[in-house]
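The block underneath contains the structure these notes are about, expressed in structure tokens.
Atoms within each ligand, like the ligands themselves, are counted from 1 in listed order.
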Amino acid sequence: MRILLLGADGYLGWPLALELTKKNCEVFAVDNGFKRDMCASLKINPLICIKDFLTRSSVLQATCKASFQALDVDLSNWENVNTLFLEYGPFDTVYQLAEQPSAPFSMISGSTSLKTLSNNVSITNNVLFAMATHCPDAHLIHIGTMGEYGTPNIDIEEGWLDIKHKGKSDRFLFPRQAGSVYHTSKIMTTDLIWFAVRNWGLSATELMQGPVYGLLSDLDDKNDVGQNHYYYDEIFGTVLNRFVAQAVANHPLTVYGKGEQKRGFINIIDSIQCLMLAMQQPAERGQLRIFNQITETFSVMQLAQKVQRAARAFDFRVRIERTENPRVESEDHYYNPKYSDLKKLGLVPTPLTDNALSQMFNSIMRHRSSIDVSKFRMRVSWK
Ligand SMILES: NC(=O)c1ccc[n+]([C@@H]2O[C@H](COP(=O)([O-])OP(=O)(O)OC[C@H]3O[C@@H](n4cnc5c(N)ncnc54)[C@H](O)[C@@H]3O)[C@@H](O)[C@H]2O)c1
């Protein structure tokens with residue numbers, strides 16, 4: 001399999017690259033350090049600093065048996081993407097993971113909002129046109145987010161909704177109602193993909209993912225290949241990763257508002273499993289296949305309580321602190337998403353057990369002295 005992996009230096013992209021090379025795929029991995037540049041501009045560091053993309057890629061290239069090539073390309077530029085497909089294509093699978101992935105980042109200012117919209121929408125646009133032009137048989141796998149659906153007062157189906165209206169019926173994308181500019185950019189990319197599937201008969205899988213947690217890496221790997229980025233700050237840290245770092249730093253677990261906001265979550269182990277399963281069992285030509293990529297749902301308060309309990313086993317007695325909610329979101333709502341279709345593809349879920357949390361604690365504790373507590377509250381407001 002010839003695989004184009006976009007966003008390969010990322011939290012999900014790098015472990016996916018490792019998994020693909022283990023399965024002997026021929027991987028063309030692309031990243032231009034967009035995320036590292038954003039972090040530098042906000043003076044945010046991940047828990048451990050990892051060597052730059054091309055350096056760690058060269059170590060992987062030298063040590064893995066599969067063919068692996070790393071390319072530093074800005075994918076928001078059409079000419080770059082066109083050339084990429086011309087020079088290295090055709091591909092069997094195109095993974096599109098290269099996006100600005102943070103809702104708070106998109107809400108800082110008009111400039112960060114524009115950066116999010118223009119980057120995310122233009123990359124998917126470029127990829128779709130390049131696929132239609134150079135390799136229309138390739139299978140596109142894109143990660144959407146559960147946040148695109150918002151919190152409607154009806155069950156959330158897997159991507160589609162059958163509607164009956166005045167005696168007639170049809171199938172539409174499940175209604176979207178985003179809570180941030182970032183999520184709005186994801187809705188736009190879903191719409192672009194659906195347009196390309198309808199118009200050019202491309203084959204696409206959209207994975208509507210919830211916040212990911214966990215490590216799937218050895219933070220102490222000496223040659224950096226097995227390491228992964230772990231963000232715990234308010235801008236790039238997902239909620240559970242943030243809570244574990246807060247607990248380890250003996251900082252209160254900061255819950256926004258009532259904490260009754262419910263979401264679907266997934267361990268990074270399962271996120272990579274789903275990305276592999278989607279590649280191994282592709283969508284048909286002319287099909288946009290959508291999966292809800294979560295394995296469990298919790299309220300934010302339930303997550304905080306789980307972390308508080310797991311922390312006690314390590315002698316951390318952290319309190320839970322309700323803080324003013326900087327976001328505009330419903331704090332008390334119905335939430336019943338469907339998420340059974342990935343299991344039919346073969347996903348074996350990894351539940352959020354005390355044991356899974358203990359493993360996270362063990363890894364993060366070794367880097368406790370690197371945690372910068374000032375980054376827990378950067379106070380990005382939606383209002
Ligand atoms: N991590 C999560 O919890 C989560 C949840 C839901 C959805 N997602 C989605 O999954 C995807 C991957 O997320 P992630 O957490 O790995 O994000 P990430 O920021 O760690 O990785 C994205 C990578 O894309 C690269 N990139 C961005 N713009 C680029 C450009 N113009 N040219 C080249 N490279 C570029 C970045 O440098 C980064 O390394 C994103 O689409 C995100 O929206 C993530």
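- In terms of protein heavy-atom proximity, atom 28 (N) of ligand 1 is closest to N119 ND2, 3.0 Å.
- For atom 3 (O) of ligand 1, the nearest protein heavy atom (residue, atom name, distance) is V212 N, 2.9 Å.
- At the shortest separation from atom 32 (N) of ligand 1 among protein heavy atoms lies L75 N, 3.0 Å.
- Residue Y11 places at least one N or O, backbone or side chain, under 3.5 Å from an N or O of ligand 1.
- Distances from ligand 1 to the non-hydrogen atoms of S271 include no value under 4.0 Å.
- Close approach of ligand 1 to S76 is summarised as follows: ligand atoms under 4.0 Å from at least one heavy atom of the residue are 31 (N).
- The CZ atom of F236 sits 7.0 Å away from the CG atom of D233 when rounded to the nearest 0.5 Å.
- For the atom pair N153 CG and H333 NE2, the distance stands at 10.5 Å (nearest 0.5 Å).
- Residue contacts with ligand 1 include Y182, since one of its heavy atoms falls under 4.0 Å from the ligand.
- Under 4.0 Å from ligand 1, the heavy atoms of P211 that appear belong solely to its backbone.
- Closest to atom 19 (O) of ligand 1, if we only count protein heavy atoms, is K35 NZ, 2.9 Å.
- At a cut-off of 3.5 Å, with distance as the only test, a side-chain donor of Q209 or S271 sits close to an acceptor on the other residue.
- Note that CG of L6 is 10.0 Å distant from CD of E99, once rounded to the nearest 0.5 Å.
- Distances between N or O atoms of L12 and those of ligand 1 include at least one value under 3.5 Å.
- Between I123 and ligand 1, not a single N/O pair is under 3.5 Å apart.
- Heavy atoms of V30 found under 4.0 angstrom from ligand 1: none, in either backbone or side chain.
- Checking each of D221, D224, N223, D9 against R56 for a side chain to side chain donor-acceptor pair (under 3.5 Å) leaves exactly one that passes, namely D9.
- The single protein non-hydrogen atom nearest to atom 44 (C) of ligand 1 is Q209 NE2, 3.4 Å, given as residue, atom name and distance.
- Only one option out of E324, E234, E321 pairs with R377 in a salt bridge (charged side-chain N to carboxylate O under 4.0 Å, His left out); it is E321.
- Using a 3.5 Å distance cut-off with no hydrogens or angles, the side chains of N45 and Y231 do not pair a donor with an acceptor.
- For ligand 1, the atoms sitting less than 4.0 Å from at least one non-hydrogen atom of D9 are 39 (O), numbered in the order shown with element in parentheses.
- Salt bridge E157/K338: absent, no basic N to carboxylate O contact under 4.0 Å.
- Taking 4.0 Å as the cut-off between side-chain N and carboxylate O, R285 and D137 count as a salt-bridged pair.
- Near V73, meaning under 4.0 Å from one of its heavy atoms, ligand 1 places the atoms 32 (N), 33 (C).
- Considering backbone and side-chain atoms alike, R36 places every N or O at 3.5 Å or more from each N or O of ligand 1.
- The atoms of ligand 1 that sit less than 4.0 Å from any heavy atom of D74 are 30 (C), 31 (N), 32 (N).
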(message) One pair to check against side chain to side chain contact (heavy atoms under 4.5 Å, CB included): V380 and F105. What are the steps and the verdict?
(response) CA-CA 8 Å; V380 178; F105 180 87; over 6 Å; no

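- The nearest protein atom to atom 9 (C) of ligand 1, hydrogens excluded, is given as I143 CG2, 3.7 Å; this is a heavy-atom distance.
- The closest approach between any non-hydrogen atom of T238 and ligand 1 is below 4.0 Å.
- Salt-bridge check for R263 with E329: passed, with a basic side-chain N closer than 4.0 Å to an acidic carboxylate O.
- Inclusion of Q96 in the set of residues having an N or O under 3.5 Å from an N or O of ligand 1 is not warranted.
- The protein non-hydrogen atom at the shortest distance from atom 38 (C) of ligand 1 is D31 OD2, 3.4 Å.
- Among protein heavy atoms, atom 11 (C) of ligand 1 sits closest to L97 O, 3.7 Å.
- Close N/O approach between N32 and ligand 1 is found [any backbone or side-chain N/O within under 3.5 Å].
- Within a 6.0 Å radius of NZ in K164, no more than 12 heavy atoms belonging to other residues, nucleotides or ligands are found.
- A heavy-atom separation below 4.0 Å is not found between N77 and ligand 1.
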(request) Output, in order, the C-alpha distance, side-chain angles, deciding distance and verdict of ring-ring contact (aromatic ring centres under 6.0 Å, His included) for F28 and F91. (result) CA-CA 9 Å; F28 299 86; F91 308 104; 5.7 Å; yes

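- The shortest heavy-atom distance from G144 to ligand 1 is under 4.0 Å.
- Side-chain contact check for E148 and T190: at least one donor-acceptor pair (N or O, by modelled atom type) lies under 3.5 Å.
- Heavy atoms of K186 come nearer than 4.0 angstrom to ligand 1 in at least one pair.
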(request) Test side-chain hydrogen bond (donor to acceptor under 3.5 Å, both in side chains) on Y149 and N292 and set out the steps. (result) CA-CA 11 Å; Y149 300 126; N292 291 344; 2.7 Å; yes

